[in-house]
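Beneath this line is the structure, given in structure tokens, with notes to follow.
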Amino acid sequence: MQQRSHFTQKLGELRMQLIRMAALSEQAVNNACRAYLENDTDLAESVVMNDVAINDLEDAIDAFNLELLALDQPMACDLRFIIGSMRVTVNLERVGDEAVNMAHRTLFLSTRQILPENPRMAQLCAHVQDMLAKAVRALVDEDAVLAGDICAMDHRADELSLKVLKEAINNMVDETRIVERGVHVIMASRHLERIGDLATNIAEAVIFIKEGTNVKHRCKG
């Protein structure tokens, strides 16, 4: 009984660590988007510097999961949470990496003449931020219904990314001098699209945790 109580306590600590990592990853994306849209190099640099905290939490959560698996034979629901948290942490770490990549695009573009406005980028940023915020909320609340909604949102992220691509290409055709900058805009949109994919992966993990249903690779279908 005492061992089970200790296990439950450690499981609660794991949950808090996971929520903290999710909050840091979400903040990184929000800051990276704002830095890009406002050409804020200080904010972009802070995204790069703060990524170490996300990486450290990933290591800590990995250790937590291994300890929990070694402590006892978890019940089915606990085992699902442990396995699900392992999936979530991998995706949250990658979210942080994509936010850093986005920040690097901002730092490069800040050294060049400002490009013609691409309003689709602001739309894509807002949509991806909304996806990630809902994924984090679904994780905190273990809300499988909300997680399912995120899967449907991923199609819109793909559509907006394609529109950014087309508009950037049109600008590059009209003015060849902006080709280099245009490529960085396209790459920035790809980072955002990838964050949308990762938010979808997190939603899939939430569904697994809550319902025990593996929808991995089927959420987009």
Side-chain angles (χ1 to χ4, degrees), residues 14-15 17-34 36-37 47 51 54-55 57-58 61-62 65 79-103 105 120-166 186-221:
L14 168 62
R15 189 184 301 273
Q17 292 271 45
L18 192 61
I19 291 172
R20 175 167 165 70
M21 185 179 182
L24 287 177
S25 296
E26 184 181 359
Q27 182 182 47
V29 171
N30 292 342
N31 287 344
C33 283
R34 202 177 99 207
Y36 179 90
L37 295 173
V47 172
D51 188 54
I54 297 174
N55 294 337
L57 270 172
E58 182 192 23
I61 291 170
D62 282 347
N65 281 320
L79 186 58
R80 286 205 308 269
F81 183 80
I82 293 169
I83 294 172
S85 73
M86 293 170 74
R87 294 180 182 178
V88 169
T89 52
V90 168
N91 286 285
L92 287 174
E93 192 275 333
R94 290 174 181 168
V95 165
D97 287 346
E98 294 298 343
V100 168
N101 291 338
M102 185 83 176
R105 302 296 169 190
R120 300 294 185 185
M121 277 297 289
Q123 294 175 23
L124 181 56
C125 275
H127 186 75
V128 168
Q129 285 175 283
D130 188 33
M131 286 183 70
L132 185 58
K134 286 179 177 175
V136 171
R137 191 161 75 246
L139 175 66
V140 171
D141 297 338
E142 292 190 16
D143 188 337
V145 175
L146 179 58
D149 293 341
I150 297 163
C151 296
M153 294 176 70
D154 193 49
H155 295 290
R156 178 60 177 161
D158 294 341
E159 290 172 1
L160 285 169
S161 180
L162 182 59
K163 288 178 180 178
V164 170
L165 171 64
K166 289 179 178 178
I186 291 169
M187 292 303 298
S189 73
R190 290 291 296 139
H191 299 319
L192 289 169
E193 183 185 349
R194 182 62 181 144
I195 290 169
D197 291 338
L198 294 167
T200 302
N201 292 347
I202 293 168
E204 291 172 347
V206 171
I207 293 171
F208 173 77
I209 290 169
K210 184 64 177 178
E211 299 182 346
T213 304
N214 190 354
V215 295
K216 194 176 180 182
H217 306 310
R218 290 188 284 139
C219 206
K220 291 187 177 186

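Keep in mind that what you see is a predicted model, and the values were worked out from it rather than measured. Start at 1 with the first residue, then count along the sequence.
Every residue meeting the side chain to side chain donor-acceptor pair (under 3.5 Å) condition with Asn101, not counting sequence neighbours, appears here in chain and number order: Glu98. For Val140, the side chain to side chain contact (heavy atoms under 4.5 Å, CB included) partners at least two apart in sequence or on another chain are Ile19, Val136. In this structure, Arg20 has no salt bridge (Lys or Arg N to Asp or Glu O under 4.0 Å) partners at least two apart in sequence or on a different chain. The salt bridge (Lys or Arg N to Asp or Glu O under 4.0 Å) test applied to Glu211 returns no partner, not counting sequence neighbours. With sequence neighbours excluded, the residues forming a side chain to side chain contact (heavy atoms under 4.5 Å, CB included) with Ala135 are Ile150, Ala199, Ile202, listed by chain and number. Scanning for salt bridge (Lys or Arg N to Asp or Glu O under 4.0 Å) contacts around Asp130 gives Lys134, with sequence neighbours left out. Contacts of Asn65 classified as side chain to side chain contact (heavy atoms under 4.5 Å, CB included), with partners at least two apart in sequence or in another chain: Leu14, Ile61, Ile82, Ser85, Met86. Residues satisfying the side chain to side chain donor-acceptor pair (under 3.5 Å) test with Arg15, not counting sequence neighbours, are Glu142. A search for salt bridge (Lys or Arg N to Asp or Glu O under 4.0 Å) contacts involving Glu193 returns Arg190, not counting sequence neighbours. Applying the side chain to side chain contact (heavy atoms under 4.5 Å, CB included) rule to Asp149 yields the partners Leu146; only residues at least two apart in sequence or on another chain are considered. Partners of Gln27 under the side chain to side chain donor-acceptor pair (under 3.5 Å) rule, at least two apart in sequence or in another chain, do not exist in this structure.
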Show me the donor-acceptor pairs within less than 3.5 Å that the side chains of residues 120-128 make with the rest of the protein, sequence neighbours left out.
residue: Arg120; atom: NH1; partner: Gln123; partner atom: OE1; Å: 3.4
residue: His127; atom: NE2; partner: Met153; partner atom: O; Å: 2.8

Thr89 and Met21: CA distance, side-chain angles, deciding distance, side chain to side chain contact (heavy atoms under 4.5 Å, CB included) verdict = CA-CA 8 Å; Thr89 52; Met21 185 179 182; 4.0 Å; yes
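In terms of heavy atoms, Glu26 sits closest to Leu132 at CA-CD2, 3.7 Å. Among all heavy-atom pairs drawn from Ala28 and Val47, the shortest one is O-CG2, 3.9 Å. Contact between Ala99 and Ala32 at its shortest, heavy atoms only, is O-CB, 3.5 Å.
Met131 has its side chain within reach of Thr200: a pair of non-hydrogen atoms, C-beta onward, lies under 4.5 Å apart. The closest side-chain heavy-atom distance from Asn201 to Arg87 is not below 4.5 Å. Between Ser25 and Asn91, every side-chain heavy-atom pair lies at or beyond the 4.5 Å cut-off. Contact check for Leu18 versus Phe81: side-chain heavy atoms found under the 4.5 Å cut-off. Counting heavy atoms from C-beta outward, Asp97 and Asp51 have side chains that approach closer than 4.5 Å. Taking 4.5 Å as the limit, every side-chain heavy atom of Ile54 sits out of range of all side-chain heavy atoms of Glu58.
For the atom pair CD1 of Ile195 and SG of Cys33, the computed distance is 6.0 Å after rounding to the nearest 0.5 Å. One distance of note links OG of Ser189 with NE2 of His191; it measures 8.5 Å at 0.5 Å rounding. For the atom pair Leu198 CG and Glu204 CD, the distance stands at 10.5 Å (nearest 0.5 Å). The OH atom of Tyr36 sits 10.5 Å away from atom CZ of Arg105, with the distance rounded to the nearest 0.5 Å. Expressed to the nearest 0.5 Å, how far CG of Leu57 lies from CG of Asp62 amounts to 10.5 Å.
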